[in-house]
**Student:** 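Just dropping this structure here.
In what follows, every heavy atom counts, from backbone to side chain, and hydrogens, waters and symmetry copies are set aside.
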Amino acid sequence: MSVQSDIKRLTAPDILARKGGEPIVVLTSYHAHTAALADKYCDVVLVGDSLGMVMHGMETTVPVTLDMMIVQGRAVMRGSQRALVVVDMPFGSYEASKEQAFMSAVRVLKETGCGAIKLEGGRRMAETIRFLTERGVPVMAHVGLTPQAINTLGSFRAQGRDEADWAPIEQDALAVAEAGAFSVVLEAMAEPLARKVSGMIAIRPSVSGRARPATGRCW
């Protein structure tokens with residue numbers, strides 16, 4: 001006879017339902033021990049591809065593989081009981097096509113037991129987000145600074161410092177919301193723009209700042 005925990009793990013719909021209500025607490029974790037500590041206080045635990053930089057000494061997140069994310073996703077799931085665990089989709093695992101994204105996401109969900117995946121990109125990923133959500137894959141989107149695109153961005157610089165640059169970022173946020181994402185990371189985004197985007201979209205935004213490349217996320 002199996003013994004089931006009385007603790008109910010939060011789901012993507014639970015997080016979405018709190019839009020405009022009680023703030024959510026989100027932290028990044030890469031292994032079971034920190035997940036167990038964070039789980040008591042967090043609504044969402046993100047297994048970020050920043051583990052490549054924080055744990056493995058990589059210069060960027062680009063070299064991180066799907067297998068690496070799955071291993072650490074399993075560990076975080078073992079260490080947590082309550083928080084919704086979201087696992088990053090690494091560079092190269094979803095961009096080629098929406099079908100590639102679905103197969104990668106299925107691996108993550110099946111092999112880790114997590115409750116959602118996260119992928120980077122705004123308007124260009126909207127079709128993929130819609131494809132995934134229509135097939136039962138909860139998606140956390142990610143706009144603003146997108147570290148997987150560092151080779152084209154050139155540096156980890158804040159986004160939206162000039163109001164003239166706001167429109168494309170606003171359009172990205174609206175696109176992922178309309179495509180079905182339950183939440184969106186607004187990374188390294190100027191506060192006035194982040195506040196405006198938060199009011200524009202019907203999903204939960206999480207604001208992420210980056211003090212320096214190797215520190216991971218500060219929510």
Side-chain angles (χ1 to χ4, degrees), residues 26-31 34-35 38 44-76 85-98 100-105 107-108 111-112 114 116-126 128-129 132 139-162 165 168-169 172-173 175-176 181 183-191 193-194 197 205-219:
V26 188
L27 287 175
T28 299
S29 176
Y30 310 115
H31 46 73
T34 53
V44 179
V45 172
L46 172 67
V47 186
D49 60 358
S50 50
L51 66 86
M53 303 166 76
V54 176
M55 296 181 64
H56 298 280
M58 297 173 178
E59 293 186 1
T60 71
T61 62
V62 173
V64 174
T65 67
L66 192 61
D67 286 340
M68 291 170 67
M69 296 307 306
I70 288 172
V71 168
Q72 303 309 140
R74 286 175 183 158
V76 170
V85 174
V86 181
V87 176
D88 256 343
M89 298 271 277
F91 180 71
S93 68
Y94 62 93
E95 297 92 338
S97 68
K98 56 186 184 295
Q100 181 207 26
F102 179 73
M103 295 308 298
S104 296
R107 275 201 65 196
V108 172
E111 296 181 34
T112 70
C114 73
I117 58 92
K118 181 175 77 64
L119 53 78
E120 295 183 9
R123 286 160 291 171
R124 65 182 176 83
M125 294 308 303
T128 295
I129 292 171
L132 294 177
V139 178
M140 175 182 281
H142 182 151
V143 301
L145 173 63
T146 49
Q148 292 177 10
I150 187 61
N151 288 326
T152 54
L153 292 175
S155 65
F156 294 100
R157 63 180 183 273
Q159 306 293 299
R161 287 180 174 172
D162 297 324
D165 299 329
I169 300 173
D172 281 342
V176 299
S183 179
V184 58
V185 173
L186 311 178
E187 176 151 359
M189 192 176 292
E191 192 276 338
L193 174 58
V197 168
S206 298
V207 179
S208 171
R210 185 176 293 266
R212 59 184 187 274
T215 57
R217 289 174 173 79
C218 176
W219 299 81

**Student:** How far apart are the closest heavy atoms of L27 and A38, and which atoms are they?
**Tutor:**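 Residues L27 and A38, closest heavy atoms: CD1-CB, 4.3 Å.
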**Student:** Determine whether K118 and S183 make a side-chain contact, defined as any pair of heavy atoms from C-beta on separated by less than 4.5 Å.
**Tutor:**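 In short, these two side chains do not touch, never coming nearer than 4.5 Å.
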**Student:** Where do G122 and V143 come nearest, in terms of heavy atoms and distance?
**Tutor:**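 The answer is CA-CG1, 4.0 Å.
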**Student:** For the residue pair I117 and V139, establish whether any side-chain heavy-atom pair is separated by less than 4.5 Å.
**Tutor:**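 When only atoms from C-beta onward are counted, V139 and I117 do touch, with a gap below 4.5 Å.
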**Student:** Minimum heavy-atom separation for V197 to A173, with atom names?
**Tutor:**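 Looking at all heavy atoms of both residues, the shortest contact is CG1-CB, 3.5 Å.
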**Student:** Could you check if a side-chain atom of V85 sits within less than 4.5 angstrom of a side-chain atom of T112, using non-hydrogen atoms only?
**Tutor:**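 Not touching, per the 4.5 Å side-chain cut-off.
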**Student:** Could you grab the distance from atom OG of S104 to atom CE of M69, nearest 0.5 Å is fine?
**Tutor:**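 Result: 12.0 Å between the selected atoms.
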**Student:** To the nearest 0.5 Å, what is the distance between CG (L186) and NE2 (H142)?
**Tutor:**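 That separation rounds to 8.5 Å.
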**Student:** So which atom in M68 and which in V64 form the shortest heavy-atom distance, rounded to 0.1 Å?
**Tutor:**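 M68 and V64 have their closest heavy atoms at SD-CA, 4.0 Å.
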**Student:** Pick from V54, V71, L46: which one makes a side-chain contact (heavy atoms from CB on, under 4.5 Å) with Y30?
**Tutor:**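 Per the side-chain contact (heavy atoms from CB on, under 4.5 Å) rule, the option paired with Y30 is V54, out of V54, V71, L46.
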**Student:** What's the separation between atom CG in L51 and atom CD in Q72, rounded to the nearest 0.5 Å?
**Tutor:**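 Taking CG in L51 and CD in Q72, the distance rounds to 5.5 Å.
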**Student:** Once side-chain contact (heavy atoms from CB on, under 4.5 Å) is applied, do any residues pair with A101, and if so which ones, sequence neighbours excluded?
**Tutor:**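 A101 satisfies side-chain contact (heavy atoms from CB on, under 4.5 Å) with Y94, T128, L132 only.
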**Student:** Tell me every residue that passes side-chain contact (heavy atoms from CB on, under 4.5 Å) with T34, counting only those two or more places apart in sequence or in another chain.
**Tutor:**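 Testing T34 for side-chain contact (heavy atoms from CB on, under 4.5 Å), a comparison that skips the adjacent residues, returns S29, H31.
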**Student:** Does the side chain of V45 reach to within under 4.5 Å of the side chain of V86, using non-hydrogen atoms?
**Tutor:**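 When only atoms from C-beta onward are counted, V86 and V45 do not touch, as no gap falls below 4.5 Å.
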**Student:** Do you know which two heavy atoms are closest between G92 and Q100, and how far apart they sit?
**Tutor:**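 Minimum heavy-atom contact is O-NE2, 2.8 Å.
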**Student:** Which pair of non-hydrogen atoms, one from T28 and one from G48, has the smallest distance, and what is that distance?
**Tutor:**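 Here T28 and G48 meet closest at CG2-N, 4.0 Å.
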**Student:** Applying side-chain contact (heavy atoms from CB on, under 4.5 Å), can you list everything that pairs with M103, at least two apart in sequence or on another chain?
**Tutor:**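 None.
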**Student:** Any heavy-atom pair between the side chains of I70 and V108 that's under 4.5 Å?
**Tutor:**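 In contact.
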**Student:** For L66, is there any backbone N or O sitting under 3.5 Å from a side-chain donor or acceptor partner on S93?
**Tutor:**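 Checked: no pair found.
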**Student:** Would you mind telling me which of V184, L119, V44 makes a side-chain contact (heavy atoms from CB on, under 4.5 Å) with M140?
**Tutor:**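 It is V44; the other options fail the test.
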**Student:** Output the distance between atom CG (D49) and atom CE (M89), rounded to the nearest 0.5 Å.
**Tutor:**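 The CG atom of D49 sits 11.0 Å away from the CE atom of M89.
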**Student:** If you define the side chain from C-beta out and look only at heavy atoms, does anything of E120 sit under 4.5 Å from M125?
**Tutor:**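 Side chain of E120 against side chain of M125, heavy atoms only: no contact under 4.5 Å found.
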**Student:** Are D67 and R107 side-chain neighbours, meaning at least one heavy-atom pair lies under 4.5 Å?
**Tutor:**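 Yes, side chains in contact.
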